[in-house]
Participant: 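Sharing a structure, written as structure tokens. Questions coming.
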Amino acid sequence: MIAAMDISIRKVERSKLLELDPNNLPFGKYFTDHMLEADYENGEWKNIEIKPYQPLLISPSVAALHYGQAIFEGIKAYKDGEGNAYIFRPHDNYKRFNISAERMQMPAVPEELFIEGMRKLIELDKNWIPSSPDHSLYIRPFMFASDEMIGVKPSDSYKFLIILSPTGPYYSAPMRIYVEEQYVRAVPGGVGYAKAAGNYGAAMYATAQAKKKGYDQVLWTDAFEHKYVQEIGTMNVFFIIGNKAITPDLGLGTILAGVTRQSTITLLQEAGFEVEERRLTIDEIMEAYKSGQLFEVFGTGTAATISFIKELRYKDFVMKFDVEKWKTAPTIKQWLTQIREGKREDKYNWMWKI
Ligand SMILES: *Cc1c(COP(=O)(O)O)cnc(C)c1O
């Protein structure tokens, strides 16, 4: 048990909630009344405060802007029919946050600050959790190096913050995916398994190139042979081949260990699938497609839950799927949504009540 931390609370004088149009909540655009902010200095966390959402005052020399010690998480909170608030598997994100922190030579955030701070913040902004179907409150914890000093070294001071954004249905149309074989996202020994800010900036050029060709995202492949598939954008990837579900394994540290990925594995097993986590080549995927055994391809992630893939292109070979006929991905997506909205039994204790 971690010693209780002092979290001071300063409330807004007037809520912005009434200015919000609940029918227009694009992902990540609006933020709630309050945020949590804490400083790491001289080896300890201090100035832990929940306060009105506001800009930060930072020096141009702040270390994160120059050398990229910055990490984040993405979590969702929901309200059930009775108005109770729940967070989906926050302790899994908490663990992953500190795995990212360690890899980026940043301090661990204590559970009391991350989980208890999040709970208190959401309790305060509880009215911001949308209750309509498919709506949620997106939670964004993040940490960055805050030394005001441009020497290349791990920062001595850090800021940890949590901000909250109400979001509407994240309608993701079935995607067209380009199998990338020139640019790479992650290498063994690298930072692919960390939710480090720089990973996303580094992926944008390749994604923009794929968009120019008419694709929504790239499916990354390994850095050496460009034949083992990894993941898509901010989603893990699953292939239904024959009566098995296959997803790339996490062994080489080149793939982000998604919480939705883990939840999907569990639900696929509940649905009777044998789930394999292993290396998977693009050749095996194409062979399965040619022999009529590649039934479904989909991505998993907190933002969109499950995204269907209607087209996968590798070099000149195009694989197309009739998503209307799919059974598996739509079922898993429905189960996940129902568990999150309190309409299906929460057998695995994923919903953490606030
Ligand atoms: C966040 C993320 C995912 C999905 O993780 P979830 O915990 O399911 O949201 C997958 N891949 C990458 C690269 C990510 O950043």
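Numbering of ligands and ligand atoms starts at 1, following listing order. A quick note: this is a predicted structure, and the numbers were derived from the prediction, not measured.
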Participant: I'd like to check whether Glu231 has a polar contact with ligand 1, where a contact means an N/O of the residue lying under 3.5 Å from an N/O of the ligand.
Facilitator: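 Yes; the residue has a nitrogen or oxygen that sits under 3.5 Å from a nitrogen or oxygen of the ligand.
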Participant: With atom 15 (O) of ligand 1 as the reference point, say which of Phe88, Tyr200, Trp220, Tyr193 has the nearest heavy atom.
Facilitator: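 Checking each option, the heavy atom nearest atom 15 (O) of ligand 1 is found in Tyr200.
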Participant: Examine ligand 1 and decide if any of its atoms is less than 4.0 Å from a heavy atom belonging to Arg185.
Facilitator: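 Per 4.0 Å heavy-atom rule, Arg185 contacts ligand 1.
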Participant: Where is the nearest protein heavy atom to atom 5 (O) of ligand 1: which residue, which atom, and how far?
Facilitator: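 It is Gly258 CA, 3.3 Å.
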Participant: For atom 8 (O) of ligand 1, find the nearest protein heavy atom and state the residue, atom name and distance (0.1 Å precision).
Facilitator: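 In this structure, atom 8 (O) of ligand 1 has Thr260 OG1, 2.6 Å as its nearest protein heavy atom.
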Participant: At their closest point, which heavy atom of Arg10 faces which heavy atom of Pro52, and how far apart are they?
Facilitator: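 So the two residues come closest at O-CD, 3.3 Å.
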Participant: Can you tell me the protein heavy atom closest to atom 9 (O) of ligand 1 and the distance?
Facilitator: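 Minimum-distance protein heavy atom for atom 9 (O) of ligand 1 reads Thr302 OG1, 2.6 Å.
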Participant: Give the atom numbers and elements of ligand 1 that come within less than 4.0 Å of a heavy atom of Val259.
Facilitator: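 With Val259 as reference, the close atoms of ligand 1 come out as 6 (P), 7 (O), 8 (O).
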Participant: Report the nearest protein non-hydrogen atom to atom 1 (C) of ligand 1: residue, atom name, distance rounded to 0.1 Å.
Facilitator: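 The answer is Lys195 NZ, 1.4 Å.
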Participant: Do Ile163 and Phe142 pass the side-chain contact (heavy atoms from CB on, under 4.5 Å) test, and can you show the C-alpha distance, the side-chain angles, and the key distance before you say yes or no?
Facilitator: CA-CA 9 Å; Ile163 54 176; Phe142 62 106; 4.1 Å; yes
Participant: With a cut-off of 6.0 Å (strictly less than), are more than 12 heavy atoms of other residues, nucleotides or ligands near CD of Glu102?
Facilitator: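 No, because the 6.0 Å sphere around CD of Glu102 holds 12 heavy atoms or fewer from other groups.
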Participant: Can Arg313 be said to sit on top of Tyr178's aromatic six-ring, NZ or CZ under 6.0 Å from centre and within 45° of the ring axis?
Facilitator: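 Judged by the rule (NZ or CZ under 6.0 Å from the ring centre, within 45° of its axis), Arg313 is not positioned above Tyr178.
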Participant: Does Asp147 pair with Lys153 as a salt bridge, N-O distance under 4.0 Å?
Facilitator: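 Result for this pair is yes, salt bridge flagged.
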Participant: Applying a 4.0 Å heavy-atom criterion (strictly less than), which segment of Arg96 is in contact with ligand 1: side chain, backbone, both, or neither?
Facilitator: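 It is the side chain that gets close, since no backbone atom is under 4.0 Å.
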Participant: Does ligand 1 have an atom that lies less than 4.0 angstrom from a heavy atom of Ala303?
Facilitator: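 Under 4.0 Å: no for Ala303.
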Participant: Can you tell me which residue and heavy atom of the protein come closest to atom 3 (C) of ligand 1, and the distance to 0.1 Å?
Facilitator: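 Minimum-distance protein heavy atom for atom 3 (C) of ligand 1 reads Thr234 O, 3.2 Å.
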Participant: May I ask you to check if Lys16 and Tyr30 form a cation-pi contact, with NZ or CZ under 6.0 angstrom from the six-membered ring centre and within 45° of the axis?
Facilitator: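 Pair Lys16/Tyr30 does not count as cation-pi.
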Participant: Please determine if Asn93 has a nitrogen or oxygen closer than 3.5 Å to a nitrogen or oxygen of ligand 1.
Facilitator: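 There is no such contact.
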Participant: Here's one to test your reading of the geometry: is the NZ or CZ of Lys327 within 45 degrees of the ring axis of Phe295 and under 6.0 Å from its centre?
Facilitator: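 No; the conditions do not both hold, so Lys327 does not lie above the ring face of Phe295.
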Participant: Within a 6.0 Å radius of atom CZ on Arg278, are there more than 12 heavy atoms belonging to other residues, nucleotides or ligands?
Facilitator: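 Check passes, neighbour count above 12.
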